[in-house]
**Q** 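Sharing a structure with you now.
Everything quoted here is computed from the prediction, not taken from an experiment.
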Amino acid sequence: MRQTLLADCAARSRSLDAYLDPDSNADLPDDYDPDDLLADWRDAFDSEAAFRERLSFADHTVESARERLRAASARDDADAGDSPSSIPAHFETAGSVVDRALELDREAVGSLVERHADSPFADLLAPLVGAASERLDLGSAFAPTAIASLEDRLFERLTEVFQHPLFILFKAHQRTEYPDAEFDERDDSTEVYEEFVAHHREAGYETVFETYPVLLGLLGDVTDQWLRSASRLGDRIAADRDALARTFHDGDDLGAVADVDPLSDDPHGDGEIVFGVDFEAGCSVVYKPRSVETEGAFGTVLDWANANASVPDLYVPSVLDRGAYGWMEYVDHSECESERAVDRYYERMGGLTALAFALDSTDLHQDNVVAMGEYPVIVDQEMALSPEFETTDDPSSPALSSLVADSILKTVLVPFTSSLNDEDAEVLTNSGLAELDDVEAGQKTPVFVAPNTDAMDLTFEGTYRPDGTNLPRLDGEIQSVSDYVDQLKRGFRAVADAIRANRETFAASDGPLGAFEGCEIRYLLRPTGHYGSKLTESVYSSQLRSGVARSLPLESLYRIFVPTSDEGDLRKLVDAERATLRRFTVPRFTVDATGRELRDGHGEPQGA
């Protein structure tokens with residue numbers, strides 16, 4: 001790829017902050033008028049006062065910001081620091097991947113295309129994935145099926161990033177080259193689609209990145225994250241192989257990694273996600289790219305409940321903590337064997353709900369609960385002892401916010417409906433006990449119709465399509481919580497009574513609560529769904545034309561802090577949020593269970 005194109009894409013991808021920095025020597029793109037840009041920035045806030053306070057966070061006033069933007073706009077091209085030597089590393093990665101992708105023919109990436117035949121623009125993305133995969137060396141410790149699954153994960157990530165801008169270019173190609181043609185019924189034809197693919201391959205993908213320069217940086221970011229996270233997974237399996245065998249496989253040899261299965265959608269930190277790891281010996285474990293101390297501590301609480309509460313025994317999954325990361329027993333969904341087993345399931349779930357409420361846990365949504373026969377298992381407890389942050393910008397009604405904060409609804413285990421305001425339709429929460437098949441979701445995501453044909457089209461749908469592994473089944477049918485409320489209440493009362501009767505020992509430093517001392521607790525500044533929406537919007541074509549276009553929507557993250565918030569330093573977290581979202585990952589903050597200093601996803605203190 002031309003160095004001049006790399007440099008141009010890197011320069012046009014600069015964030016809005018760069019043009020306010022007098023030392024950055026950044027040249028504001030010609031398609032931005034400084035005064036119009038400032039007005040657009042102001043529109044991200046509810047009032048002039050809120051906007052001025054946000055600018056004060058960066059030591060600016062409206063007048064000084066206008067002056068800096070005008071200076072960046074007036075700078076001559078010769079003065080701008082856009083030489084190829086200043087190209088960021090992730091753009092260099094992207095350039096190398098594109099160069100190699102152009103050398104790979106259809107045969108070299110045929111299996112990728114076949115595996116993703118229903119994914120939009122598979123013929124353009126498969127060579128990029130194939131080129132990136134050549135950089136990954138996991139040796140013989142990973143079977144080809146495991147490597148293929150890792151490749152599939154990268155393919156899915158790049159599809160999220162590329163699908164909307166490529167679709168806009170595809171439709172523009174159809175309109176330009178065939179202005180009078182109707183394509184709606186041509187789902188059996190691929191002639192124009194193949195022509196579009198060939199055009200961009202022959203152009204070295206350059207037209208794509210000239211139109212959407214931010215896309216090139218995202219290609220590099222996502223590729224680098226994938227390479228580092230996959231290599232880290234391989235290194236950690238190699239380092240822990242003996243301990244894994246002892247903890248999860250009775251000490252027997254595990255064999256090679258047969259497969260890896262992504263168990264979460266939201267990448268954190270350096271693009272890390274939770275993986276299920278299957279070994280050839282038949283053992284499966286869960287890899288978490290964070291400490292699993294909280295899951296271990298919750299196991300201590302479960303042991304205490306089993307010894308002190310009149311409730312059917314709660315299941316305690318095995319864990320192996322390694323400090324910066326950890327391993328957990330793979331908990332697989334299975335059916336109940338009888339109606340009485342379903343009764344016991346919901347009695348146990350009532351007990352788990354009481355423990356979650358006592359521990360002030362939250363975010364125990366559908367993906368964090370697995371129905372293992374008659375045993376409900378909470379597989380993620382990173383938000384036990386969850387700190388709270390109150391804001392006047394909460395979109396929910398005060399009554400709803402108070403109800404959730406002061407009741408078991410905060411755990412997110414118990415289903416309830418909510419709406420952001422009186423005009424919005426009520427939405428069933430994605431709770432640990434919710435049955436969400438075909439329930440309309442608040443966030444709509446892109447869905448392609450007739451992908452990779454001349455009739456390819458894009459719609460946006462908001463329906464959940466869960467597999468229902470959070471709920472018990474009997475004879476193949478989901479057993480809804482609404483039919484087992486008495487059992488749920490009975491289990492809740494049994495555990496709550498045990499905690500009340502043993503309050504002092506439960507809360508003692510050498511008691512079950514004391515097991516959380518020193519644990520890393522996740523601090524959720526805002527709902528995870530909010531971050532998901534931001535990520536989805538951040539790869540719409542309109543936000544990929546420049547770094548400025550991508551920066552403006554992220555300014556809404558400041559709204560909970562302006563006008564002046566009593567939470568003071570917490571506004572400093574927004575800088576980390578914006579930087580993380582720009583890398584197409586989800587922000588994650590943590591705090592020691594007995595501490596106050598917040599850290600980001602890399603463990604760096606945030607001064608808050």
**Q** For Tyr212 and Gln543, does a side-chain donor sit closer than 3.5 Å to a side-chain acceptor?
**A**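 The criterion, which ignores hydrogens and geometry beyond distance, is not satisfied for Gln543 and Tyr212.
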**Q** When you look at Val197 and Phe121, which way does the side chain to side chain contact (heavy atoms under 4.5 Å, CB included) test go after all the steps?
**A** CA-CA 8 Å; Val197 170; Phe121 307 103; 5.6 Å; no
**Q** Verify whether one side chain among Ser149 and Asp259 offers a donor that lies under 3.5 Å from an acceptor in the other.
**A**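 Yes - a donor-acceptor pair under 3.5 Å links their side chains.
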**Q** Minimum heavy-atom separation for Tyr346 to Gln479, with atom names?
**A**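 Where Tyr346 meets Gln479 most closely, the heavy atoms are OH-O, 2.5 Å.
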**Q** Could you measure the distance from the CE atom of Met349 to the CG atom of Leu314? Nearest 0.5 Å is fine.
**A**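 One gets 10.0 Å once the value is rounded to the nearest 0.5 Å.
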**Q** A side-chain contact here means heavy atoms from C-beta on lying under 4.5 Å apart; do Tyr484 and Asp343 qualify?
**A**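 Touching, per the 4.5 Å side-chain cut-off.
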**Q** Under the side chain to side chain contact (heavy atoms under 4.5 Å, CB included) criterion, do Glu151 and Phe155 qualify, and how do the steps go?
**A** CA-CA 6 Å; Glu151 290 176 344; Phe155 200 110; over 6 Å; no
**Q** Does any N or O in the side chain of Asp250 come within less than 3.5 Å of the main-chain N or O of Asp252, such that one atom is a donor and the other an acceptor?
**A**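 Not confirmed, Asp250 side chain does not pair with Asp252 backbone.
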**Q** Decide yes or no for Ile237 and Leu233: does some side-chain heavy atom of the first lie under 4.5 Å from some side-chain heavy atom of the second?
**A**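 Result yes, sub-4.5 Å side-chain heavy-atom pair found.
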**Q** Closest approach of Arg135 and Ser96, non-hydrogen atoms and distance?
**A**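 For Arg135 versus Ser96, the nearest heavy atoms are NH2-CB, 2.9 Å.
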**Q** If every non-hydrogen atom of Arg241 is compared with every non-hydrogen atom of Gly255, which pair is closest and at what distance?
**A**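 Between these two residues, the closest heavy atoms are NH1-O, 2.6 Å.
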**Q** How many angstroms lie between CG in Leu166 and CG in Leu215, if you round to the nearest 0.5 Å?
**A**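 Going from the CG atom of Leu166 to the CG atom of Leu215 covers 7.0 Å.
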**Q** Is it the case that over 12 heavy atoms from other parts of the model lie below 6.0 angstrom from the CG atom of Asp483?
**A**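 Counting other residues, nucleotides and ligands, CG of Asp483 exceeds 12 neighbours.
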**Q** Between Thr594 and Asp592, is there a side-chain donor-acceptor contact under 3.5 Å, judged purely by atom types and distance?
**A**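 Yes, side-chain donor-acceptor contact under 3.5 Å.
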**Q** Ion pair present between Arg340 and Glu374, side-chain N to carboxylate O less than 4.0 angstrom?
**A**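 Between Glu374 and Arg340 there is no salt bridge, as every charged N stays at least 4.0 Å from the carboxylate O atoms.
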**Q** Just so I know, are the side chains of Phe167 and Asp457 near enough to count as touching, which here means a heavy-atom distance under 4.5 Å?
**A**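 Yes, close enough: below the 4.5 Å cut-off.
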**Q** Arg236 and Trp327: side chain to side chain contact (heavy atoms under 4.5 Å, CB included), yes or no, with the steps?
**A** CA-CA 10 Å; Arg236 289 170 173 176; Trp327 308 90; 4.2 Å; yes
**Q** Working to the nearest 0.5 angstrom, can you tell me the gap between Arg582 CZ and Leu218 CG?
**A**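 Rounded to the nearest 0.5 Å, the CZ-CG separation comes to 11.5 Å.
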**Q** Does the Ser264 side chain pair with the main chain of Val274, one donor and one acceptor, at a distance under 3.5 Å?
**A**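 Yes, because the side chain of Ser264 sits within donor-acceptor range (under 3.5 Å) of the backbone of Val274.
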**Q** With a 4.0 Å cut-off, would you call Glu295 and Arg290 a salt bridge?
**A**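 Yes.
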**Q** Examine distances only and state if a side-chain atom of Arg522 and a backbone atom of Val591 form a donor-acceptor pair shorter than 3.5 Å.
**A**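 Checked: no pair found.
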**Q** Looking at Asn452 and Ser119, would you say the former's side chain and the latter's main chain have a donor-acceptor pair under 3.5 Å?
**A**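 Side chain of Asn452 to backbone of Ser119: a pair is present.
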**Q** So, do Val286 and Glu329 sit near enough that their side-chain heavy atoms are less than 4.5 Å apart?
**A**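 Sidechains of Glu329 and Val286: no contact.
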**Q** Check Arg232 with Asp270, please: is the shortest side-chain N to carboxylate O separation under 4.0 Å?
**A**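 The answer is yes: the pair qualifies as a salt bridge.
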**Q** Look up atom CG in Leu158 and atom CZ in Arg153, then write down how far apart they are to the nearest 0.5 Å.
**A**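 Going from the CG atom of Leu158 to the CZ atom of Arg153 covers 10.5 Å.
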**Q** Side-chain contact test, heavy atoms from C-beta onward, threshold under 4.5 Å: evaluate it for Arg115 versus Asp152 and give yes or no.
**A**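 Side chain of Arg115 against side chain of Asp152, heavy atoms only: contact under 4.5 Å found.
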**Q** Quick one, Ser291 and Tyr325 - any side-chain contact, counting heavy atoms below 4.5 Å?
**A**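 The answer is no; the side chains never approach within 4.5 Å.
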**Q** Please confirm whether the backbone N or O of Ser431 pairs with a side-chain atom of His365, one donor and one acceptor, at under 3.5 Å?
**A**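 No; judged by distance alone, with no hydrogens or angles, the pair does not exist.
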**Q** Counting neighbours of CD on Glu517 that are heavy atoms of other residues, nucleotides or ligands and sit closer than 6.0 Å, is the number greater than 12?
**A**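 No - once you tally the heavy atoms of other residues, nucleotides and ligands closer than 6.0 Å, there are 12 at most.
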**Q** Decide yes or no on side-chain hydrogen bond (donor to acceptor under 3.5 Å, both in side chains) for Asn306 and Tyr315, but give the supporting numbers first.
**A** CA-CA 9 Å; Asn306 286 337; Tyr315 189 79; over 6 Å; no
**Q** Give me the atom names and distance for the closest heavy-atom approach of Asn470 to Ala434.
**A**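 In terms of heavy atoms, the two residues are closest at ND2-O, 3.1 Å.
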**Q** Measure the spacing between CG of Leu128 and CG of Leu124 and express it to the nearest 0.5 Å.
**A**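 The CG atom of Leu124 is 7.5 Å from CG of Leu128, to the nearest 0.5 Å.
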**Q** In terms of side-chain heavy atoms, does Asp360 have a donor or acceptor partner in Ser386 at a distance below 3.5 Å?
**A**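 On atom types as modelled, these side chains do not qualify, holding no pair under 3.5 Å.
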**Q** Report yes or no: do Tyr330 and Asp278 form a side-chain donor-acceptor pair below 3.5 Å?
**A**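 No, because no side-chain N or O of Tyr330 sits under 3.5 Å from a partner of the opposite role on Asp278.
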**Q** Might you point out which heavy atoms bring Leu138 and Gly234 nearest each other, and give the distance in Å?
**A**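 Smallest interatomic distance, heavy atoms only, reads CD2-CA, 4.2 Å.
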**Q** Tell me whether Arg344 is salt-bridged to Glu347, with the criterion being a basic N under 4.0 Å from an acidic carboxylate O.
**A**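 Salt bridge flag = no for Glu347 with Arg344.
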**Q** Hey, could you give me the CG/OG distance between Leu385 and Ser361, rounded to the nearest 0.5 Å?
**A**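 That separation rounds to 6.5 Å.
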**Q** Is a side-chain N or O of Ser133 found less than 3.5 angstrom from the main chain of Gly130, in a donor-acceptor match?
**A**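 Looks like no, no N/O pair under 3.5 Å.
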**Q** So, Ser229 and Gln225: side-chain donor and acceptor under 3.5 Å apart, yes or no?
**A**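 There is no such pair (donor and acceptor under 3.5 Å, judged by atom type) between the side chains of Ser229 and Gln225.
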**Q** Quiz question: by atom type and distance under 3.5 Å, do the side chains of Glu577 and Tyr531 form a donor-acceptor pair?
**A**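 A donor-acceptor contact under 3.5 Å links the two side chains.
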**Q** For the backbone of His164 and the side chain of Tyr540, can you confirm whether one donor and one acceptor N or O come within less than 3.5 Å of each other?
**A**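 Checking the backbone N and O of His164 against the side chain of Tyr540, no donor-acceptor pair under 3.5 Å is found.
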**Q** Within the distance-only criterion (no hydrogens, no angle test), does the side chain of Glu335 pair as donor or acceptor with the backbone N or O of Gly476 below 3.5 angstrom?
**A**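 Yes; at least one donor-acceptor contact below 3.5 Å.
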**Q** State whether Arg599 and Glu604 are salt-bridged, where the test is any N-O pair (Lys NZ or Arg NE/NH1/NH2 against Asp/Glu carboxylate O) under 4.0 Å.
**A**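 A salt bridge is absent here (no side-chain N lies under 4.0 Å from a carboxylate O).
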**Q** Dump the intermediate steps for side chain to side chain contact (heavy atoms under 4.5 Å, CB included) on Ser538 and Phe584, then the final yes or no.
**A** CA-CA 8 Å; Ser538 75; Phe584 204 57; 4.0 Å; yes
**Q** Does the distance from a Lys or Arg side-chain N to an Asp or Glu carboxylate O, for Arg588 and Glu382, drop under 4.0 Å?
**A**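 Looking at Glu382 together with Arg588, the answer is yes, because their closest N to O distance falls below 4.0 Å.
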**Q** Would a 4.5 Å heavy-atom cut-off, applied to side chains only, mark Glu435 and Ile478 as touching?
**A**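 Of all side-chain heavy-atom pairs linking Ile478 with Glu435, at least one is under 4.5 Å.
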**Q** Using distance alone, with no hydrogens and no angle criterion, decide if Glu520 and Thr294 have a side-chain donor and acceptor under 3.5 Å apart.
**A**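 Absent: no donor and acceptor within the cut-off.
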**Q** Using atom types as modelled and distance alone, determine if a side-chain donor or acceptor of Thr453 lies under 3.5 Å from a backbone N or O of Ala450.
**A**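 It does hold such a pair.
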**Q** Classify the angle between the aromatic ring planes of Phe275 and Tyr287 as parallel (below 30°), tilted (30 to 60°) or perpendicular (above 60°).
**A**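 Aromatic pair Phe275/Tyr287 classed parallel.
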**Q** For the backbone of Val292 and the side chain of Asp321, can you confirm whether one donor and one acceptor N or O come within less than 3.5 Å of each other?
**A**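 Here the side-chain-to-backbone pair exists.
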**Q** Taking atom CD of Glu477 as the centre, report whether more than 12 heavy atoms of other residues, nucleotides or ligands fall under 6.0 Å from it.
**A**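 Open: at most 12 neighbouring heavy atoms sit under 6.0 Å from CD of Glu477.
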**Q** Can you tell if the side chain of Leu488 reaches within under 4.5 Å of the side chain of Val481, non-hydrogen atoms only?
**A**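 Counting from C-beta outward, Leu488 and Val481 do come under 4.5 Å.
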**Q** How close do Glu293 and Gly518 get, heavy atom to heavy atom, and via which atoms?
**A**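 Result for this residue pair: OE1-O, 3.6 Å.
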